[in-house]
Asks: 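Below you will find the structure I want to go over with you.
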2 protein chains.
Amino acid sequence: MKYAAVYKDIKRKILNGIYTPWAPLEGEEMLCGIYGISRTTVRKAIAKLKQDGYLHSQQGSGIFVNPPEFYEERTMTTLSERIEADVDLENQILQSDLIEANERLAAICNLPVGSKLHHYIRLRTINGTPCVLEETYMPQYLFRNFDAAKTPRGSVFKYIEEDCKYGISHAIKNVTAIKVEGELAGLLQMENGSATLQIEHKVYLKKSVLAQYTIEVQTNKTIRFIAVR
Amino acid sequence: MKYAAVYKDIKRKILNGIYTPWAPLEGEEMLCGIYGISRTTVRKAIAKLKQDGYLHSQQGSGIFVNPPEFYEERTMTTLSERIEADVDLENQILQSDLIEANERLAAICNLPVGSKLHHYIRLRTINGTPCVLEETYMPQYLFRNFDAAKTPRGSVFKYIEEDCKYGISHAIKNVTAIKVEGELAGLLQMENGSATLQIEHKVYLKKSVLAQYTIEVQTNKTIRFIAVR
DNA sequence: AGATATTTGTACGTATGTATC
DNA sequence: GGATACATACGTACAAATATC
């Protein structure tokens, strides 16, 4: 895929600072020459880079590099998505078992009551400081060889797609303001009764098959989004 | 623009239920015939519909209609964006004045300390029930004829783009969990000390010119997002 | 199970329109 | 007004994934 290679190369140049924010890119015709491809293919790469927030363009004027905030903060709500390769992140499994779905879980998972679900509670810390407490449910019939101890350190999407070879259709996230109290406050080392964000995270395979349901409570009280016109 | 017309027509058919969720669309070749356009142009319309969450496609299989949650809940964080044409929404201006930027506001607005800013506080209610309290700042030099009483009922973007003819570059939103207390709790008719969401909303014109800064507190404790692969 | 047809994805080339400089 | 640069649109060919027989 030629356009993918061009996408990757231009993205690299932006991330490495070879192209600086607001600076104009070479024109389309010039890029054709540089990469030895047709204008259609150049435009396809540019379109994807615009979609992902790396570039914007203006007819008659040129193609311009976006500053980092345009591509760094998009729909990355959960911590796992944001860190990706953060090596200092530590996982501590507080609980891990196989449960039977009650009414509420069965409804969420689109499964009959009593269906078997993997279940685990995990505390994630950075340099010893708690940042997220998450509780996850995954249908057993989809993940036969599941082992909570080998739970993914980074993105959930990668685990499901690359390790399990499932195709993800979409994910729905509900962000709610809650008060942390009692045991929860202790685990997260937060002041009892303080407000923070709870993120409910449902990952779906094709149609409405739920692959994972996670509720995570962050110590971080704010998340950021950017909407580009 | 032919592709825009096709985009609009297919979108209409989805919203009106002529195409139902998960149903396959006519093939690309067929669509060429229906609209009397080339495959390139059909694909461009489809690409935009996919980008906006109305469709998805699979190579070798077909193009499929997404269910409503795919396009209804995307990056619409603020209430104004979500309601659009809700006629029952009422605005009550609690305060309206012209102020001089202090250090904090000057930094946010990228303006010198003491710059004049329009400022107003607005309570929005639906059927008498409070739903949002918002405080807004807008640089006077960009909006000379501003009148808080004629403040936009719907989307802020529409007001700035259509009424003021400014081109919006991007918007950054910070979603924070807070506790509502004292006067704020009273205005929003919420229990004192309960947790809810505060959304900070910065709208930028080209480069880093800030056009509007809004802080809104919702009575609604949850917002929803969807991420499509 | 395997060959074939169908359908979307990638890529090239060309021409013209339109906004900006 | 002219030159430049991105946007739209048409047509063609082949590749890759999927569906079907």
Side-chain angles (χ1 to χ4, degrees), chain A residues 1-11 14 19 22-66 161-162 165-169 205-207 209 228-229, chain B residues 1-11 14 19 22-66 161 165-169 205-207 228-229:
Chain A
M1 266 119 64
K2 295 188 181 180
Y3 85 90
V6 175
Y7 171 92
K8 215 171 153 183
D9 190 59
I10 294 177
K11 179 176 163 180
I14 293 170
Y19 292 133
W22 309 115
L25 218 67
E26 294 91 339
E28 292 179 355
E29 216 63 63
M30 188 75 100
L31 291 168
C32 294
I34 293 171
Y35 294 105
I37 58 177
S38 72
R39 194 166 155 232
T40 317
T41 308
V42 164
R43 283 186 60 78
K44 189 159 184 175
I46 300 295
K48 202 163 144 56
L49 286 158
K50 287 200 286 189
Q51 211 178 311
D52 294 347
Y54 295 101
L55 299 174
H56 68 272
S57 63
Q58 180 149 18
Q59 189 177 162
S61 177
I63 304 167
F64 304 91
V65 179
N66 284 339
E161 285 188 321
E162 290 173 19
K165 307 288 181 199
Y166 287 128
I168 291 175
S169 157
L205 309 184
K206 298 295 157 203
K207 302 248 171 167
V209 177
V228 181
R229 278 281 134 157
Chain B
M1 268 117 66
K2 294 189 180 181
Y3 85 90
V6 175
Y7 171 91
K8 215 170 153 184
D9 190 60
I10 294 176
K11 178 175 165 182
I14 295 170
Y19 292 134
W22 308 115
L25 217 67
E26 293 92 339
E28 293 179 355
E29 216 62 64
M30 187 76 99
L31 291 169
C32 294
I34 292 171
Y35 294 105
I37 56 176
S38 72
R39 195 172 153 224
T40 317
T41 308
V42 164
R43 282 186 62 77
K44 187 156 186 180
I46 300 296
K48 201 162 144 59
L49 285 158
K50 288 200 285 189
Q51 210 178 312
D52 293 347
Y54 295 101
L55 300 173
H56 68 273
S57 63
Q58 180 148 19
Q59 188 177 163
S61 178
I63 304 167
F64 305 91
V65 179
N66 285 338
E161 286 187 319
K165 305 288 180 200
Y166 286 130
I168 291 175
S169 157
L205 309 184
K206 297 295 159 203
K207 302 254 170 163
V228 180
R229 279 278 132 162

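Throughout, a chain's letter reflects where its sequence line sits, starting with A, and its residues are numbered from 1. Every heavy atom of this structure was used, including side-chain atoms; hydrogens, water molecules and symmetry mates were not.
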Asks: Looking only at heavy atoms, which two atoms of A:Ser38 and A:Cys32 are closest? And how far apart?
Replies: C-SG, 3.8 Å
Asks: At their closest point, which heavy atom of B:Glu28 faces which heavy atom of B:Ile63, and how far apart are they?
Replies: CG-CD1, 3.9 Å
Asks: To the nearest 0.5 Å, what is the distance between CD (A:Glu26) and CD1 (A:Ile10)?
Replies: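 The CD1 atom of A:Ile10 is 8.0 Å from CD of A:Glu26, to the nearest 0.5 Å.
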Asks: Tell me the interatomic distance from B:His56, atom NE2, to C:dT8, atom C1', rounded to whole angstroms.
Replies: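 That distance rounds to 13 Å.
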Asks: Out of D:dC6, C:dG9, C:dC12, which has the shortest distance to the side chain of A:Ser57?
Replies: D:dC6
Asks: Give me the residues of residues 40-49 of chain A where at least one heavy atom lies under 4.0 Å from an atom of DNA chain C, by number, or none.
Replies: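 Heavy-atom cutoff 4.0 Å gives A:Thr40, A:Thr41, A:Lys44.
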Asks: Generate the contact string for nucleotides 15-21 of chain C. Rules: B means base contact, S means sugar-phosphate contact only, - means no protein heavy atom under 4.0 Å.
Replies: B-BBBBS
Asks: With a 4.5 Å heavy-atom cut-off, do A:Lys50 and A:Ile46 have their side chains touching?
Replies: yes
Asks: What is the distance from atom CG of B:Asp9 to atom OH of B:Tyr7, rounded to the nearest 0.5 Å?
Replies: 12.5 Å
Asks: By the definition side-chain contact (heavy atoms from CB on, under 4.5 Å), identify the one residue from A:Leu31, A:Leu49, A:Ile14 that meets it with A:Leu25.
Replies: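 That would be A:Leu31.
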Asks: With side chains defined as the heavy atoms from C-beta onward, is the minimum distance between B:Tyr3 and B:Thr41 less than 4.5 Å?
Replies: yes
Asks: Looking at every heavy atom in both B:Leu205 and B:Ser169, which two are closest together, and how far apart are they?
Replies: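 So the two residues come closest at O-CB, 3.3 Å.
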Asks: Are any non-hydrogen side-chain atoms of B:Val6 and B:Ile37 less than 4.5 angstrom apart?
Replies: yes
Asks: Where each residue is assigned the nucleotide of DNA chain D containing its nearest heavy atom, which of A:Gly62 and B:Met1 is assigned the position nearer the 5′ end?
Replies: A:Gly62
Asks: Which residues in residues 26-36 of chain A have at least one heavy atom lying under 4.0 Å from any atom of DNA chain D?
Replies: A:Gly27, A:Glu28
Asks: At their closest point, which heavy atom of B:His56 faces which heavy atom of B:Asn66, and how far apart are they?
Replies: ND1-OD1, 2.5 Å
Asks: Rounded to whole angstrom units, what separation is found between the OH atom of B:Tyr3 and the C1' atom of D:dC6?
Replies: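 After rounding, the reported distance stands at 12 Å.
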